[in-house]
Amino acid sequence: MSDRGLAVAFISPALLLLLAMSVFPLLWALYLSFTDYSATRGGPAHFIWFENYTAVLASAQVHLRALTTLIYVVGAVALQTVLGFAIAYLISRRTHGRGVLTTLFLVPMMLSPVVVGLFWRFMLDAQFGVVNSMLGSLGLGQVEWLTRQRTALISLIVVDTWQWTPFIMLIALAGLTAVPKYLYEAASIDRASEWFRFRTITLPLVWPLLLIAVLFRAIEAFRLFDLVYILTSGGPGVSTETLSFHVYKVAFLGFNTGTASAYGILMVLVVIVLTQLYLRYLNKLKED
């Protein structure tokens, strides 16, 4: 075989699998988004063109779910970034036990989201949860973490932060260990303060890598479904119903497959547009 034929022979299985598992479902969802197709209704689908998209964009429910998703994404990612970078900075300053500490902090990230959701669901139970038991032993009142609107979304943010802060920590730690030591040595010779070294050496060199980690976490948080499904099921009311969970309800409880497909395509477009703007900012930061 020629080099080209050999390359095609090796690449074709993976390419066909990618087309079958990723590209085809996306194109099929795009087609369904222009129809009135329902998975439970017999008969062929009829083209209604952009009616699904206009209904989604004009829906007050979608606006409310989008606001809930935005609050969750901003709150969770910001908290994870601050905590992850702080933990990584403290670990990087240690000379002994760094590997053990890093491994211990990575344990939550290795768990399945379903396991994490069930684990925290029992811990935050209003009657038998260990969190309320600890509050009771301290003389504090019981808190309905998952059944009150004020605390349900906060609980989701805390659980997601507990699981994914190690991801930010790991990337920040890689960036901190890659900072050249001679920069700190030169700053020490000039008797620079600890804050000055952090502000002018550490943060500028780690910041681009930290922004990439924030991008990945923001995309994952935007698609949040499993924790909502396990912990609150979108409740109480719809206070924790994110866009992904709302799409699930439209598709598999309401069986409005065409509308749900339009939801999914719009979410993909939002992620693509925001990611492109974010990457432009990263490229500009790199050039500067």
Side-chain angles (χ1 to χ4, degrees), residues 61-87 100-170 216-254 260 263 267:
Q61 293 183 351
V62 176
H63 300 162
L64 180 60
R65 273 63 169 187
L67 179 60
T68 301
T69 305
L70 179 64
I71 294 173
Y72 168 79
V73 170
V74 173
V77 175
L79 190 58
Q80 292 166 25
T81 303
V82 173
L83 291 177
F85 183 77
I87 294 171
V100 176
L101 284 175
T102 303
T103 303
L104 290 176
F105 277 112
L106 288 178
V107 170
M109 192 177 68
M110 301 176 185
L111 300 176
S112 168
V114 176
V115 174
V116 172
L118 291 173
F119 172 73
W120 278 96
R121 183 176 178 180
F122 288 120
M123 288 188 62
L124 297 175
D125 185 83
Q127 295 182 350
F128 308 106
V130 65
V131 175
N132 276 345
S133 297
M134 293 176 62
L135 293 177
S137 63
L138 296 175
L140 302 176
Q142 304 289 314
V143 179
E144 297 179 0
W145 297 101
L146 302 177
T147 55
R148 294 185 61 184
Q149 292 186 359
R150 294 183 178 181
T151 57
L153 188 59
I154 296 176
S155 300
L156 279 176
I157 293 174
V158 169
V159 173
D160 192 73
T161 300
W162 179 82
Q163 183 177 18
W164 291 110
T165 294
F167 176 77
I168 303 290
M169 180 209 72
L170 188 64
F216 284 114
R217 279 304 306 136
I219 293 175
E220 287 295 323
F222 182 75
R223 301 188 298 111
L224 176 74
F225 171 79
D226 34 32
L227 286 182
V228 176
Y229 183 81
I230 297 297
L231 287 175
T232 64
S233 296
V238 294
S239 59
T240 61
E241 189 171 308
T242 59
L243 286 173
S244 296
F245 191 79
H246 185 61
V247 173
Y248 159 76
K249 290 178 63 176
V250 172
F252 297 104
L253 299 182
Y263 271 108
M267 289 179 65

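Just so we're clear, the structure is a prediction, and the values are computed from it rather than from any experiment.
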CD on Q80 to OG1 on T161, rounded to 0.5 Å:
4.5 Å
Distance (rounded to the nearest 0.5 Å) between Y263 OH and R65 CZ
7.5 Å
I'd like to know if the side chain of T151 reaches the main chain of T147, judged simply by a donor and an acceptor atom lying under 3.5 Å from each other, with no hydrogens or angles considered.
no
Output the distance between atom CD1 (I168) and atom CE (M109), rounded to the nearest 0.5 Å.
10.0 Å
CZ of R148 to CD1 of I154: how many Å apart, nearest 0.5 Å?
10.0 Å
Heavy-atom nearest pair, I87 first then M169, reads CG2-SD, 3.6 Å
Which pair of heavy atoms, one from S112 and one from Q163, lies closest together, and at what distance?
C-NE2, 4.1 Å
Keeping the roles fixed (side chain from S137, backbone from M134), state whether a donor-acceptor pair exists under 3.5 Å.
yes
side-chain contact (heavy atoms from CB on, under 4.5 Å) partner of N132, chosen from Q142, E144, M123
Q142
Minimal heavy-atom distance between S233 and F245, with the atoms involved, is O-CE2, 3.4 Å
Closest non-hydrogen atoms of I71 and I157, given as atom of the first, atom of the second and distance, are O-CD1, 4.3 Å
Can you find a heavy atom in the side chain of V247 that is under 4.5 Å from one in the side chain of F225?
no
Are the side chains of L156 and V228 in contact, using a 4.5 Å heavy-atom criterion?
yes
To the nearest 0.5 Å, what is the distance between OG1 (T165) and CG (L170)?
12.5 Å
Grab the two heavy atoms, one from L224 and one from T242, that are nearest each other, plus how far apart they are.
O-OG1, 3.2 Å
Using the six-membered ring wherever Trp is involved, compare the ring planes of Y248 and Y229 and label them parallel, tilted or perpendicular (cut-offs 30° and 60°).
perpendicular
Working to the nearest 0.5 angstrom, can you tell me the gap between L146 CG and R121 CZ?
8.0 Å
Quick one: does S155's side chain have a donor or acceptor within less than 3.5 Å of a partner on W145's backbone?
yes
Ignoring hydrogens and geometry, is there a side-chain-to-backbone donor-acceptor pair from T69 to L243 under 3.5 Å?
yes
Taking C-beta and beyond as the side chain, do S244 and M267 meet within less than 4.5 Å on heavy atoms?
yes
Specify the closest pair of heavy atoms between D160 and A76, including all atoms of both residues, with the distance to one decimal.
OD2-CB, 3.9 Å
